[in-house]
J.: 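Right, I'll just put the structure down here and ask away after.
Quick caveat: nothing in here was measured; it's all calculated off a predicted structure.
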Amino acid sequence: MSQQPGQLTFVAPRRAKPARHLADLAMPDRRAAVAELGEKAFRADQLSRHYFERLNADVNAMTDLPAAARDKLSVLLPSLLTPVKELTTDGGTTRKTLWRLFDGALVESVLMRYPDRVTMCVSSQAGCGMNCPFCATGQAGLTRNMSTAEIVEQVVSGARALAAGEVPGGPGRVSNVVFMGMGEPLANYKQVIGAVRRFVEPAPHGLGISARGVTVSTVGLVPAIGKLADEGLPVTLALSLHAPDDELRDTLVPINTRWKVSEVLDAAWAYAAKTKRRISIEYALIKDINDQEWRADLLGKLIRNKLVHVNLIPLNPTPGSKWTASRPEDERAFVRRLEYHGVPVTVRDTRGREIDGACGQLAATE
């Protein structure tokens with residue numbers, strides 16, 4: 001379902017929901033679900049330990065559970081993601097997986113192993129309703145929201161591959177999760193918050209990843225940024241800004257027609273004040289579109305002296321797009337202007353570009 005230029009889709013189409021999974025539920029609800037199945041509530045703790053600590057979803061291998069209980073409890077561990085295709089690059093340390101969901105919807109996740117960390121880039125929606133014209137996902141339109149457990153399972157699958165030594169570098173664990181795959185995370189707010197809680201809660205409640213290792217990205221849904229600040233979850237907020245002026249941002253990031261640059265930045269500064277977490281400004285550098293030095297100056301003036309860091313992303317090519325990455329000399333000039341204003345800035349490593357697994361490239365095609 002492609003969208004008209006500038007069209008925004010906030011409400012996902014109504015579709016059948018995936019089966020309820022252990023990871024959809026907070027621990028009290030897991031215990032209640034187990035009791036409903038006629039089993040003692042502590043079995044929920046055992047199931048959770050298998051899933052979140054041992055990364056095991058096969059009830060037949062859970063020998064600490066009575067055989068009769070295993071059959072009953074298996075309904076809380078339905079299969080949610082089926083791998084369709086896997087592509088690797090960087091000597092196998094970057095892996096993009098295409099998943100088919102129960103209803104045929106397709107999503108992608110990317111595992112990136114660095115010397116000091118392992119980052120999972122996850123999808124929160126099948127498609128996206130925000131319609132940014134330079135992003136392959138945004139051009140596909142929104143198919144549906146993903147469930148909490150469908151989001152969590154992407155990370156658990158990556159964790160399994162690492163624990164089994166399938167990723168070069170020996171056994172490891174996921175240390176960082178970024179909601180920068182398909183979808184606008186804050187447009188699927190409840191499920192995304194549920195997934196974040198599963199990521200950061202200590203085992204057996206969750207995976208025990210540091211909240212500081214979790215980044216939630218948004219194009220700027222201002223009311224939802226305010227809600228996120230009140231959740232008590234000190235995750236990093238990444239704001240996909242891409243232009244410092246309303247005239248251009250209205251075109252590049254159509255949500256700007258609803259909440260302007262000043263409103264989005266005000267919401268970001270309020271988030272930083274409440275959480276004490278530095279805001280990450282994501283800015284895709286597009287040749288001759290948003291990479292002029294005067295725009296770097298404008299951006300620098302808007303954000304200097306704030307708790308902020310700018311992540312410049314050389315635009316990753318997508319099929320049929322008329323846009324491309326900035327010239328190296330323009331990129332360097334942009335960096336220099338931001339540094340002149342005292343703004344911390346880095347140029348993002350384009351990990352996964354060769355397998356269409358980098359920022360803005362996820363299109364979920366077979």
Side-chain angles (χ1 to χ4, degrees), residues 89-90 93-94 110-122 132 134-135 175-181 185 210-220 234-244 249 252-253 261 264-265 268-269 271-272 275-287 289-317 323-354 357-362:
T89 185
D90 302 317
T93 58
T94 301
V110 185
L111 181 153
M112 293 162 284
R113 185 172 205 163
Y114 301 90
D116 60 338
R117 68 190 187 282
V118 178
T119 299
M120 282 292 312
C121 176
V122 298
C132 300
F134 57 90
C135 173
S175 56
N176 298 70
V177 179
V178 296
F179 282 84
M180 294 182 181
S210 165
R212 290 173 173 271
V214 177
T215 298
V216 176
S217 171
T218 180
V219 290
V235 298
T236 298
L237 180 72
L239 175 60
S240 297
L241 194 67
H242 306 310
R249 194 169 191 263
L252 290 184
V253 188
V261 170
V264 173
L265 288 176
W269 309 145
Y271 183 88
T275 62
K276 309 294 187 279
R277 301 292 290 138
R278 186 172 69 165
I279 301 298
S280 180
I281 300 276
E282 310 289 304
Y283 196 106
L285 282 172
I286 310 171
K287 179 183 170 187
I289 301 291
N290 66 350
D291 61 354
Q292 302 87 349
E293 287 190 58
W294 71 264
R295 281 201 162 92
D297 271 322
L298 178 55
L299 178 61
K301 287 171 185 163
L302 285 173
I303 67 175
R304 65 186 170 197
N305 303 323
K306 298 290 188 183
L307 191 60
V308 71
H309 172 267
V310 174
N311 211 347
L312 294 177
I313 309 159
L315 184 75
N316 291 302
W323 291 326
T324 187
S326 300
R327 302 171 194 86
E329 59 270 27
D330 293 338
E331 180 186 291
R332 288 193 294 271
F334 204 94
V335 170
R336 275 199 305 274
R337 295 314 302 161
L338 287 176
E339 288 175 340
Y340 169 79
H341 292 283
V343 174
V345 54
T346 50
V347 178
R348 172 164 315 156
D349 162 27
T350 54
R351 276 294 272 268
R353 179 183 277 187
E354 304 82 358
C359 273
Q361 290 187 308
L362 299 186

J.: Among all residues two or more places apart in sequence or in another chain, which pass the side-chain contact (heavy atoms from CB on, under 4.5 Å) test with N176?
T.: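 Once residues adjacent in sequence are excluded, the partners of N176 under the side-chain contact (heavy atoms from CB on, under 4.5 Å) criterion are R117, T119.
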J.: Might you point out which heavy atoms bring P314 and E331 nearest each other, and give the distance in Å?
T.: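 For P314 and E331, the tightest heavy-atom pair comes out as CG-OE1, 3.7 Å.
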J.: Tell me yes or no: between the side chains of T94 and D90, is some donor less than 3.5 Å from an acceptor?
T.: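 Per modelled atom types, T94 and D90 side chains form a pair under 3.5 Å.
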J.: With a 4.5 Å cut-off on side-chain heavy atoms, are H309 and T346 touching?
T.: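 They are in contact (side-chain heavy atoms under 4.5 Å apart), so the answer is yes.
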J.: Measuring from I279:CD1 to L265:CG, what's the distance to the nearest 0.5 Å?
T.: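 It comes to 9.5 Å.
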J.: Between C121 and M112, is there a side-chain heavy-atom distance shorter than 4.5 Å?
T.: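 Result yes, sub-4.5 Å side-chain heavy-atom pair found.
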J.: Which heavy atom of V214 sits nearest to which heavy atom of F179, and what is that distance?
T.: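 Result for this residue pair: CG1-CE1, 4.2 Å.
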J.: Return the set of residues passing side-chain contact (heavy atoms from CB on, under 4.5 Å) with V118 (not counting sequence neighbours), or none when no residue passes.
T.: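 Once residues adjacent in sequence are excluded, the partners of V118 under the side-chain contact (heavy atoms from CB on, under 4.5 Å) criterion are L111, R113, L162.
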J.: For residues A243 and R249, report the shortest heavy-atom separation together with the two atoms involved.
T.: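 Heavy-atom minimum between the residues: O-CD, 3.6 Å.
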J.: Is the closest side-chain heavy-atom distance between D330 and L285 below 4.5 Å?
T.: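 Result no, sub-4.5 Å side-chain heavy-atom pair not found.
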J.: Using every non-hydrogen atom in the two residues, find where V219 and C132 come nearest and quote the distance to one decimal.
T.: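 In terms of heavy atoms, the two residues are closest at CG1-SG, 4.2 Å.
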J.: Sorted by first residue and then second, give each salt bridge (Lys or Arg N to Asp or Glu O under 4.0 Å) pair with at least one member in residues 292-304; sequence neighbours left out.
T.: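 Those involving residues 292-304 are D245-R295, D297-R337.
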J.: Please state whether the rings of F334 and Y283 are parallel, tilted or perpendicular, taking 30° and 60° as the class boundaries.
T.: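 Correct class here is tilted.
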J.: Within the 4.5 Å heavy-atom criterion, are Y271 and L239 side-chain neighbours or not?
T.: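 They are not in side-chain contact.
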J.: As a test of understanding, state which of N311, V310, L299 forms a side-chain contact (heavy atoms from CB on, under 4.5 Å) with V345.
T.: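 The residue from N311, V310, L299 that satisfies side-chain contact (heavy atoms from CB on, under 4.5 Å) with V345 turns out to be V310.
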J.: Using a 3.5 Å distance criterion without hydrogens, assess whether the side chain of N290 forms a donor-acceptor pair with backbone atoms of H242.
T.: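 It does hold such a pair.
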J.: List the atom of D291, the atom of S326, and the distance in Å for their closest heavy-atom pair.
T.: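 Smallest heavy-atom distance, with atoms named: OD2-OG, 2.8 Å.
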J.: Which heavy-atom pair separates W323 from L252 by the least distance, and what is that distance?
T.: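 The answer is CH2-CD2, 3.9 Å.
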J.: Is any side-chain heavy atom of T275 closer than 4.5 Å to one of L237?
T.: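 When only atoms from C-beta onward are counted, T275 and L237 do not touch, as no gap falls below 4.5 Å.
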